[in-house]
Student: 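Dropping a structure here in structure tokens format, bear with me for questions.
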There are 2 protein chains.
Amino acid sequence: MKISKRAEYGLMAMVCLTKNKKTISIREISNIEVIPYEFLAKIFAKLESAKLVKAKHGANGGYVLTKASNKISVNDIISALEGNKKTVDCVCCQRKTKCLAKDVWAKLEKSLNKTLEQVKLSDLIK
Amino acid sequence: MKISKRAEYGLMAMVCLTKNKKTISIREISNIEVIPYEFLAKIFAKLESAKLVKAKHGANGGYVLTKASNKISVNDIISALEGNKKTVDCVCCQRKTKCLAKDVWAKLEKSLNKTLEQVKLSDLIK
DNA sequence: GCATATCCGACCAATTTAGTCGGATATGCT
DNA sequence: AGCATATCCGACTAAATTGGTCGGATATGC
Ligand code: SF4
Ligand code: SF4
């Protein structure tokens, strides 16, 4: 029940991106937010394949958001970065007792997503 | 963002305990729910120090709930078992930018607890 | 006093997370 | 064209966490 560094860095970087509006390079973000450069590069690779940002190669390149910041939710970002999306991997199930816990996890996950879905990137740059 | 086995087993065991009403030993639960015995013992140690269950030593011993099953929430159980309670460990913060992400984590955690608090043990034994 | 329990701490193996490195590829600029 | 500056990509490693084990101490019922 913990947010990974990947997600934390990712969100911070996205906030950074939102504020700047122009293309900004990983190197710059890495300096501003004090995030290991190589690690941040990998995070952006994921964000890109989730189509949340797009890259511009070459000199003066970097990343920009693909959508307006009020169209991107925190949930989008977390989902793109967090590998273990499911709160519990239900292998339903060699156990003798019929499982009731499952419903709890489902409920939890739903409320989790809902909460994170409500918060848009644009809400974070006040 | 994943529920640990500890918590999953713990919840299952508590449900098991709720159904039985009498003292039931770790050994029995371990057999019924197919959970490694030694591991389950450690889980119960934590549940006990959180005062959710109490032990009876010696022959025909085992565990019972300390409170009525409608007084114990899933959140109580998870909290007792999950080490990394905080979704993000905020070391606020050597970063240059003022952090806005923090509010999101706080909000997330709050909604998380609320959701799990609503579900009582007694709701799970239908 | 013995069988059956919980209790306790150290220990270990597997997995996951965080971070690194080397190099390929794409682009802007002079 | 050629160089500097970027992203891109995969393999690799180190540290932390998780899941699980073991040996023995302690408490209790019969
Ligand atoms: S949550 Fe329940 S159904 Fe799912 S794997 Fe665990 S015990 Fe089985
Ligand atoms: S959430 Fe924000 S304030 Fe907290 S440690 Fe991360 S960057 Fe710092």
Side-chain angles (χ1 to χ4, degrees), chain A residues 1-13 17 20 22-31 33-66 78 81-89 91, chain B residues 1-13 17 20 22-31 33-66 78 81-89 91:
Chain A
M1 299 302 296
K2 206 173 173 181
I3 302 280
S4 66
K5 284 289 173 201
R6 227 194 327 276
E8 186 184 348
Y9 291 160
L11 180 55
M12 287 164 60
L17 219 65
N20 269 55
K22 304 172 196 174
T23 67
I24 177 169
S25 70
I26 297 177
R27 182 74 62 189
E28 286 175 275
I29 297 179
S30 159
N31 286 336
E33 302 284 358
V34 194
I35 299 171
Y37 171 77
E38 328 270 359
F39 194 32
L40 188 57
K42 282 178 58 172
I43 291 171
F44 267 97
K46 288 201 172 199
L47 289 173
E48 182 173 39
S49 62
K51 297 191 200 309
L52 296 177
V53 297
K54 65 187 165 200
K56 193 180 160 195
H57 279 212
N60 297 326
Y63 286 98
V64 225
L65 299 181
T66 51
I78 305 277
L81 297 176
E82 207 79 44
N84 43 6
K85 187 70 204 312
K86 293 292 162 201
T87 47
V88 95
D89 47 348
V91 283
Chain B
M1 299 301 296
K2 206 174 174 180
I3 302 281
S4 65
K5 284 290 173 200
R6 232 196 320 281
E8 187 185 349
Y9 291 161
L11 179 55
M12 287 164 59
L17 219 64
N20 267 56
K22 303 171 191 174
T23 65
I24 177 169
S25 69
I26 297 178
R27 182 72 62 186
E28 286 175 275
I29 297 179
S30 159
N31 286 335
E33 302 284 358
V34 194
I35 299 171
Y37 172 77
E38 327 271 0
F39 193 33
L40 188 58
K42 282 177 58 175
I43 290 171
F44 267 96
K46 289 204 172 194
L47 289 173
E48 181 172 39
S49 62
K51 296 192 202 311
L52 296 178
V53 296
K54 64 186 166 202
K56 194 179 160 198
H57 278 214
N60 296 327
Y63 286 99
V64 224
L65 298 180
T66 52
I78 305 276
L81 298 176
E82 207 78 42
N84 42 5
K85 187 67 205 314
K86 294 291 163 202
T87 48
V88 95
D89 49 346
V91 284

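So that the names make sense, note that chain A is the first sequence line, chain B the second, and so on, each numbered from 1.
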Student: I need the CD-P distance between Glu82(A) and dT16(C), as an integer number of Å.
Tutor: 13 Å
Student: Tell me if a side-chain donor or acceptor on Ser30(B) pairs with a main-chain N or O of Ile35(B) at a distance below 3.5 Å.
Tutor: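 Answer holds: yes.
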Student: Expressed as a whole number of angstroms, how long is the span from Lys2(B):NZ to dG19(D):C1'?
Tutor: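 Atom-to-atom, Lys2(B) to dG19(D), this comes out as 12 Å.
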Student: Applying a 4.0 Å non-hydrogen cut-off, can you work out what Ala55(B) is touching in the nucleic acid: base, sugar-phosphate, or nothing?
Tutor: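 The residue Ala55(B) makes sugar-phosphate contact but no base contact.
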Student: Among dC7(C), dG19(D), dG19(C), which is the nearest nucleotide to the side chain of Phe39(A)?
Tutor: dG19(C)
Student: Applying a 3.5 Å limit to both distances, which nucleotide forms a Watson-Crick or G-U wobble pair with dG1(C)?
Tutor: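 In the structure as shown, dG1(C) has dC30(D) as its Watson-Crick or wobble partner.
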Student: side-chain contact (heavy atoms from CB on, under 4.5 Å), that's the test. Do Ile29(B) and Phe44(B) meet it? Break it down for me.
Tutor: CA-CA 11 Å; Ile29(B) 297 179; Phe44(B) 267 96; 3.7 Å; yes
Student: Nearest-Å distance, CZ (Arg27(B)) to C1' (dA3(C))?
Tutor: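 It is 13 Å, rounded to the nearest whole Å.
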Student: Kindly give the heavy-atom pair with the smallest separation between Ala13(A) and Leu40(A), and that separation in Å.
Tutor: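 Shortest heavy-atom separation between Ala13(A) and Leu40(A) comes out as CB-CD1, 4.1 Å.
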Student: Base, backbone or nothing for each nucleotide of nucleotides 23-30 of chain D, written B, S, -, heavy atoms under 4.0 angstrom, 5' to 3'?
Tutor: ----BBS-
Student: Which whole-number value in Å describes the distance from Phe44(B) CZ to dA5(C) C1'?
Tutor: 13 Å
Student: Let's test this: given Watson-Crick or G-U wobble pairing with both distances under 3.5 Å, identify the partner of dC22(D).
Tutor: dG9(C)
Student: Between P on dT17(C) and OH on Tyr9(A), what's the gap in Å once rounded to a whole number?
Tutor: 15 Å
Student: On DNA chain C, compare the nucleotides closest to Ile24(B) and Pro36(A); which residue's is nearer the 5' end?
Tutor: Ile24(B)
Student: Does Leu52(B) offer a backbone N or O that forms a donor-acceptor pair with the side chain of Thr66(B) under 3.5 Å?
Tutor: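 Yes.
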Student: Quick one: Ile43(B) CD1 to dT18(D) P, roughly how many Å, whole number?
Tutor: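 Taking CD1 of Ile43(B) and P of dT18(D), I get 13 Å after rounding.
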Student: Do the side chain of Lys42(A) and the base of dG19(C) come within less than 3.5 angstrom through a donor-acceptor pair of N or O atoms?
Tutor: yes
Student: Between Ile3(A) and Glu48(B), which is nearer to the 5' end of DNA chain C once each is assigned its nearest nucleotide?
Tutor: Glu48(B)
Student: Quick check for you: among dA5(C), dA18(C), dA10(C), whose closest atom lies nearest to any side-chain atom of Ser25(B)?
Tutor: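 Closest of the options to the side chain of Ser25(B): dA5(C).
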Student: Nearest-Å distance, CD1 (Ile29(B)) to P (dT6(C))?
Tutor: 9 Å
Student: Separation of Lys46(A) atom NZ from dC9(D) atom C1', in whole Å?
Tutor: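 In whole Å, dC9(D) C1' and Lys46(A) NZ are 14 Å from each other.
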Student: Would one find a side-chain N or O of Tyr37(A) under 4.0 angstrom from OP1 or OP2 of dA18(C)?
Tutor: no
Student: Could you tell me whether Arg27(B) sits above the aromatic face of Tyr37(B), with NZ or CZ closer than 6.0 angstrom to the six-membered ring centre and within 45 degrees of the axis?
Tutor: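 Output yes; distance and angle both within limits.
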Student: For Asn60(B) and Thr23(B): C-alpha separation, side-chain torsions, deciding distance, then whether side-chain contact (heavy atoms from CB on, under 4.5 Å) applies.
Tutor: CA-CA 8 Å; Asn60(B) 296 327; Thr23(B) 65; over 6 Å; no
Student: Which heavy-atom pair separates Leu17(B) from Val64(B) by the least distance, and what is that distance?
Tutor: CD2-C, 4.0 Å
